Chemist: 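This is the structure I want to talk about, given as C-alpha cells.
A note on names: the letters A, B, ... follow the listed sequences, proteins ahead of strands, and every chain is numbered from 1. Since we're looking at a predicted model, the values are computed, not measured.
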Protein chains: 2
Amino acid sequence: MPTPSTHAFLKHIPLFTACHEEELARLAERAVEQRYEKGQMLFQRGDPCQGMYVLVYGRVKIAIVARQGAEKVIEIIHPSQSFGEAVMFLEQPYPVMAQAVEDSLVLFIPADTLFAALDEDSRLARRMLAGLSMRLRTLLRDVETYTLESAVERVVGYLLNSLESSGGNVVNLPVNKQTLASRLNLTPETFSRVLQKLSEQAGIVVEGREIRVPDSNKLSEMRNLA
Amino acid sequence: MPTPSTHAFLKHIPLFTACHEEELARLAERAVEQRYEKGQMLFQRGDPCQGMYVLVYGRVKIAIVARQGAEKVIEIIHPSQSFGEAVMFLEQPYPVMAQAVEDSLVLFIPADTLFAALDEDSRLARRMLAGLSMRLRTLLRDVETYTLESAVERVVGYLLNSLESSGGNVVNLPVNKQTLASRLNLTPETFSRVLQKLSEQAGIVVEGREIRVPDSNKLSEMRNLA
DNA sequence: CTGTCAGAATGATCGACATCAAGAATCGAA
DNA sequence: TTCGATTCTTGATGTCGATCATTCTGACAG
C-alpha cells in the first residue's frame, strides 16, 4: 500500500521526526493508506482499536455519541495530526467515533508496529508521552472553557486562537457551522446569534465560512464584559 | 528522606509494579516525602514542574482557577494515585493548582529520576503511556458528563460509580459537599437540592458525608426520566 | 453554656442558553 | 437555470441551574 511518499510524510510528523531512518522506513512500510469519502465513519464508539491514525489530507471529526443519538464534537482533526493513540494503549474499544467531514486520506499504523518501534527507541516513547500529555492539556483547557466561560467567551476564544495560529486577520472555519458549534458546545442557533452580536459590537465580518477580524483587540475585550 | 517503606509502597503503585527491584530501589531512594497540612497548596497554576507526585495518605484536590478567583475542581486524588506526570513531560508550568484538603503525605519523584528510569525500562514507558491514556479517557468521560448530562444525572452517575468501586450500598463522600459539588460542576445549592430530590424520589438517605443507597436500581432509573 | 464560624439547607428570583418553529440563503446536481 | 436539500438565520418561548439572601446546624474555643 505505502507509496514512497509515506516515508517522507511521516518524517514531518512531530511524533516521528526523531526516528532513525530504518525505523521510519519500517513504519512507512507497514502503514496502510485509507481513503474515506465525506460522511464516512472511520470507526464508531465500541469498535475495537487496532492502531493509530495520521491524517494526510481532508478533515475528520471526533465526537461522543450520547444515548438518544445526540452527538458532541470533541475535536476537529487537521492534516498531519494523529489520533487514536490513547485508545490503542488502553486496549479497550473506542469511546468516541470518527467521521470524515471531507474526502480524506489517512495513514493507519497498526498497534504492533508501533509497539515494536517504541521498544526500540526510548526517544519515540518520550515523544509519545509528550504527545499524550499535550492532548491531556488541551482537553483540560476544553473542560475549563466549557465550565467557566460563557458562549461569547468561547467563540471569542476560538476566533482569537485561530487568528494566532494563522497569523493573518482572517479565520477560515475548518468545518460547517453546525459542527463547529458542537465543538464549542453551543447549539447552531446560539452560535449564529453570537456571531451576529460580535458583528455588531466587535466589528467582525462574517461571509460564509470566512470571518474577518479587523480589530482583534476589540474582539478580545468582549471576553471580559458582559 | 525515604524510609524503607517507600520502596514497598511504590511497589504497589500500578505504574511501578513491573519495575525491577534495583530500579525501584533507586526511585525509592530519590523520592522525597512531603507533608502538607489541610489547606496547604502543593503547587499553584504557573509554578514550574520538576517531577511527579504519588499520594500516600490524605486527600488532594486538583483545580483550575479562573480569573476573578472562581475555582473548579478537576479531580480529587485518593491515596496511591499519582498526579502531575503529564505536566512533567510537557516541561511547562502547571495549568492547575493542587491543594491538600486533609493533612497529607505525598512522595515527590524528581523528573530526572523518572526520565532515567524510563530510558532503562521500556515496560515502564509502556505503563506510563497506558496511565496517561487512562487519564485522557477519564477526562473525556468528564467532558461527556458535563456537556451531555443534567445535574441529577451527574449526581446519580457519581453515586452509582462510587457504589460500584466500594462494593457496598453506602457512599462516603471523600470531601465536603462544596468541593464535591465543584467536582461535579454544580453549585453547592444545586447539589443540596439534588440530594434532597433523590432522598424523596429514590429513597437514598443522606447523613452528613455518608449516603446510604438501599435500592441502586431505583437510583439508576432517575437518570433516564426527567 | 455561649458565642462564633464554616458548612449546609431552603426559598425567591433571574438569566443564559436551549428548544421549537418558520423563513432565508446557499449549494449542488440535473 | 431551476429545483431540492442542506445549512444558516431569526424570532418566540421555556427551563435548568445560578445567584442572592436567609436560616439552620453542628463543631469547637473560651
Chemist: Measuring from the side chain of Ala151(B) (C-beta onward, heavy atoms only), which nucleotide among dC8(D), dG17(D), dC17(C) has the closest atom?
Modeler: dG17(D)
Chemist: Describe the nucleic acid contact of Leu186(B) in one word from base, sugar-phosphate, nothing, applying a heavy-atom distance below 4.0 Å.
Modeler: sugar-phosphate
Chemist: Please tell me if Thr187(A) has a side-chain N or O lying less than 4.0 Å from either OP1 or OP2 of dA18(C).
Modeler: yes
Chemist: If you check the Arg193(A) side chain, which of dT10(C), dA18(C), dG11(D) turns out closest?
Modeler: dG11(D)
Chemist: I'd like to know if Glu71(B) pairs up with Lys61(B) as an ion pair, taking the criterion as any Lys NZ or Arg NE/NH1/NH2 lying under 4.0 Å from an Asp or Glu carboxylate oxygen.
Modeler: yes
Chemist: How long is the line joining CG of Leu173(B) and C1' of dA8(C), in whole Å?
Modeler: 12 Å
Chemist: Tell me yes or no: between the side chains of Asn217(B) and Ser220(B), is some donor less than 3.5 Å from an acceptor?
Modeler: no
Chemist: Whole angstrom is fine here: how far is it from CD in Glu207(A) over to P in dT9(D)?
Modeler: 12 Å
Chemist: Between dC5(C) atom P and Asn176(B) atom CG, what is the distance in whole Å?
Modeler: 19 Å
Chemist: May I ask you to test the Tyr53(A)-Leu107(A) pair for a side-chain heavy-atom distance under 4.5 Å?
Modeler: no
Chemist: May I ask you to verify if any side-chain N or O of Ser192(B) is less than 4.0 angstrom from the OP1 or OP2 atom of dA8(C)?
Modeler: no
Chemist: Please classify the nucleic acid contact of Gln178(B) as base, sugar-phosphate, or nothing, using heavy-atom distances under 4.0 Å.
Modeler: sugar-phosphate
Chemist: Output the single nucleotide from dC17(C), dG17(D), dT19(D) whose closest atom is nearest the side chain of Ser150(B).
Modeler: dG17(D)
Chemist: Given dG17(D), dC20(C), dG7(C), identify the nucleotide with an atom nearest to the side chain of Glu189(A).
Modeler: dC20(C)
Chemist: Take atom CG of Leu184(A) and atom P of dA16(C), then tell me their distance rounded to the nearest Å.
Modeler: 19 Å
Chemist: Given atom NZ of Lys38(B) and atom C1' of dA6(C), what is their separation to the nearest angstrom?
Modeler: 10 Å
Chemist: Rounded to the Å, how far apart are Glu102(A) CD and dC27(C) C1'?
Modeler: 15 Å
Chemist: OP1, OP2 of dT10(C) versus side-chain N and O of Gln196(B): anything below 4.0 Å?
Modeler: yes
Chemist: Please determine, by modelled atom types, if Thr190(B) and Thr187(B) share a side-chain donor-acceptor pair under 3.5 angstrom.
Modeler: yes
Chemist: Nearest whole angstrom, please: distance from the P of dT26(C) to the NZ of Lys177(A).
Modeler: 10 Å
Chemist: Kindly say whether Thr147(A) contributes a backbone atom to a donor-acceptor pair with the side chain of Lys72(B) at under 3.5 angstrom?
Modeler: no
Chemist: Please state how far atom CZ in Phe191(A) lies from atom P in dT9(D), giving the value in whole angstrom units.
Modeler: 8 Å
